[in-house]
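Below is one structure, written out as structure tokens; the observations come after it.
These numbers come from a predicted model, not from an experiment. Below, all heavy atoms of this structure are taken into account, side chains as well, without hydrogens, waters or symmetry copies.
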Amino acid sequence: MRLDGIAGRVALVTGSGQGMGRAIAERLAAEGAKVVANDIDPSTAAATADLVGGVAAPFDVSDPDTAGAAIAEVEVALGPVDVLVANHAYMTMAPFLEESPENWWRILDVNLFGTGMLIERCAPAMAERGWGRVVVIASEWGVIGWPNATAYAASKGGLISLVKSAARAFGEAGVAINAIAPGITDTPQLDVDALDAGVSHEEIVRRYGEDIPLGRVGRADEIAAVAAFLCSTQAEAFVGQVVQPNGGSTRTWGI
């Protein structure tokens, strides 16, 4: 059954070159959206655009001028952005006291600042039209923290506060802004975790799965289904919420 309110909408999905972002782009395209596939790598953005029958918009989300110019081109070609899924992320892992200042700034620039600027660029026009959807991909680690990914976890926690504040600013105008804080999900990003642990991708998936009540890590298509729901009219009551699909790894207040 197709979700209501997505068909025909222009949907910008950032970080859609692989993994969770690509799955979200595929799901929104299946729901009838006109997908704009973003990635910092033009080749992967183009690959996703070809896969979903959309258009590619490669740009670095941490550069607001470049991002704004790319979105303006999209608006000329397809119309204004109705749906923004901010899935992009930059991640490094290191013990708390060993994370470099350079990594701190890059993580914050991409994950937090970049998302804030995209919302500032897209949400006002949504408000003028009286309808819009913004879904920000945060992280379970933004809720509970993680000792070897402090900068990343801090940026994702910041996204949760950003979503709650932006939802208050735009909710009355018909723009629903929400976050998804996925638990461990099997995407190429887990290669960073595997490298940090000194094991294979398959082994880190197995280790993480052992600690999850469901007995396994999440799948990208499961997160995509949640994102699509939040972009639909069925999710009208969801404003400023943090949805946590994680197999039970956090059950109440991060415990």
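- In the hydrophobic clustering of ILVMFWY residues, with side-chain heavy atoms under 4.5 Å counting as a link, Leu3 and Val35 come out together.
- At a threshold of 4.5 Å between non-hydrogen side-chain atoms, the residues Ile24 and Val135 do not count as touching.
- Considering only heavy atoms from C-beta on, Ile212 comes within 4.5 Å of Val217 through its side chain.
- With hydrogens and angles ignored, the 3.5 Å screen pairs a side-chain donor or acceptor of Thr233 with a backbone N or O of Asp4.
- Scanning all heavy atoms of the two residues, the minimum distance from Ser62 to Arg106 falls at OG-NH1, 3.0 Å.
- Other cluster members for Met117: Phe113, joined by side-chain heavy-atom distances under 4.5 Å among Ile, Leu, Val, Met, Phe, Trp and Tyr.
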(Q) What verdict does the side-chain contact (heavy atoms from CB on, under 4.5 Å) test give for Thr250 and Val143, after you've listed the backbone C-alpha separation in whole Å, the side-chain angles of each residue and the deciding distance to 0.1 Å? (A) CA-CA 9 Å; Thr250 56; Val143 178; 5.6 Å; no
Q: Go through the steps for Phe229 and Val243 under the test side-chain contact (heavy atoms from CB on, under 4.5 Å), then give the verdict.
A: CA-CA 11 Å; Phe229 169 72; Val243 183; over 6 Å; no
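- For Arg2 against Ala7, the heavy-atom pair with the smallest separation is NH1-CB, 4.3 Å.
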Could you tabulate the donor-acceptor pairs under 3.5 Å formed by side-chain atoms of residues 82-94, not counting sequence neighbours?
from  : atom 1 : to     : atom 2 : distance (Å)
Asp82 : OD1    : Arg129 : NH2    : 3.3
Asp82 : OD2    : Val10  : N      : 2.9
Asn87 : ND2    : Thr14  : O      : 3.4
Asn87 : ND2    : Gly15  : O      : 2.8
His88 : ND1    : Thr14  : OG1    : 2.7
His88 : NE2    : Val110 : O      : 3.2
His88 : NE2    : Thr115 : OG1    : 2.9
Thr92 : OG1    : Glu99  : OE1    : 3.2
Thr92 : OG1    : Glu99  : OE2    : 3.0

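- Rounding to the nearest 0.5 Å gives a distance of 9.0 Å between NZ of Lys164 and CG of Asn178.
- Between the side chain of Glu222 and the main chain of Arg219, a donor-acceptor pair closer than 3.5 Å is present.
- Annotation: the span from Met20 atom CE to Ile180 atom CD1 amounts to 8.5 Å, rounded to 0.5 Å.
- The structure places OG1 of Thr48 at 8.0 Å from CD of Glu26, a figure rounded to the nearest 0.5 Å.
- Cluster annotation: Val205 and Leu195 are assigned to distinct hydrophobic clusters (Ile/Leu/Val/Met/Phe/Trp/Tyr, side-chain heavy-atom contacts under 4.5 Å, transitive).
- For the atom pair CG of Asp196 and CG of Asn148, the computed distance is 4.5 Å after rounding to the nearest 0.5 Å.
- Of the N and O atoms on the side chains of Arg22 and Thr44, not one donor lies less than 3.5 Å from an acceptor on the other residue.
- Residues Trp131 and Ile177 do not share a hydrophobic cluster, defined by chaining ILVMFWY side chains whose heavy atoms lie under 4.5 Å apart.
- The shortest side-chain heavy-atom distance between Cys122 and Val134 does not fall under the 4.5 Å cut-off.
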Q: Report the C-alpha separation of Ile71 and Leu118 in whole Å, then their side-chain angles, then the decisive distance to 0.1 Å, and conclude whether the side-chain contact (heavy atoms from CB on, under 4.5 Å) test is met.
A: CA-CA 9 Å; Ile71 292 171; Leu118 285 174; 3.8 Å; yes
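- Remark: side-chain polar atoms of Glu75 are not paired, donor with acceptor, to backbone N or O of Glu73 under 3.5 angstrom.
- Taking hydrophobic clusters as Ile, Leu, Val, Met, Phe, Trp and Tyr residues chained together by side-chain heavy-atom distances below 4.5 Å, Val163 shares a cluster with Ile107.
- To the nearest 0.5 Å, atoms CZ (Arg27) and CG (Asp221) are separated by 9.0 Å.
- Counting heavy atoms from C-beta on, the side chains of Thr66 and Asp60 never come closer than 4.5 Å.
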Q. Between Glu210 and Arg206, is a salt bridge (Lys or Arg N to Asp or Glu O under 4.0 Å) present by the stated rule, with each step listed?
A. CA-CA 6 Å; Glu210 286 183 340; Arg206 186 192 68 79; 2.5 Å; yes
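- Proximity of Val55 to Leu78: side-chain heavy atoms (C-beta onward) are separated by under 4.5 Å at one or more points.
- Between the side chain of Thr185 and the backbone N or O of Gly183, at least one donor-acceptor pair lies under 3.5 Å.
- Pairs engaging residues 139-189 under the ring pair (Phe, Tyr, Trp, His ring centres under 6.0 Å) rule: Trp141-Trp146 [sequence neighbours left out].
- Counting only heavy atoms from C-beta outward, the side chains of Asn38 and Val61 approach each other to under 4.5 Å.
- Atom-to-atom distance recorded for Ile184:CD1 and Gln189:CD is 9.0 Å, nearest 0.5 angstrom.
- Pairing each heavy atom of Ala228 with each of Ile6, the nearest pair is O-CD1, 3.4 Å.
- Using a distance-only test at 3.5 Å, with no hydrogens or angles considered, no donor-acceptor pair links the side chain of Asn111 to the main chain of Ser155.
- For Lys156 (side chain) and Gly145 (main-chain N/O), no donor-acceptor pair under 3.5 Å exists by modelled atom type.
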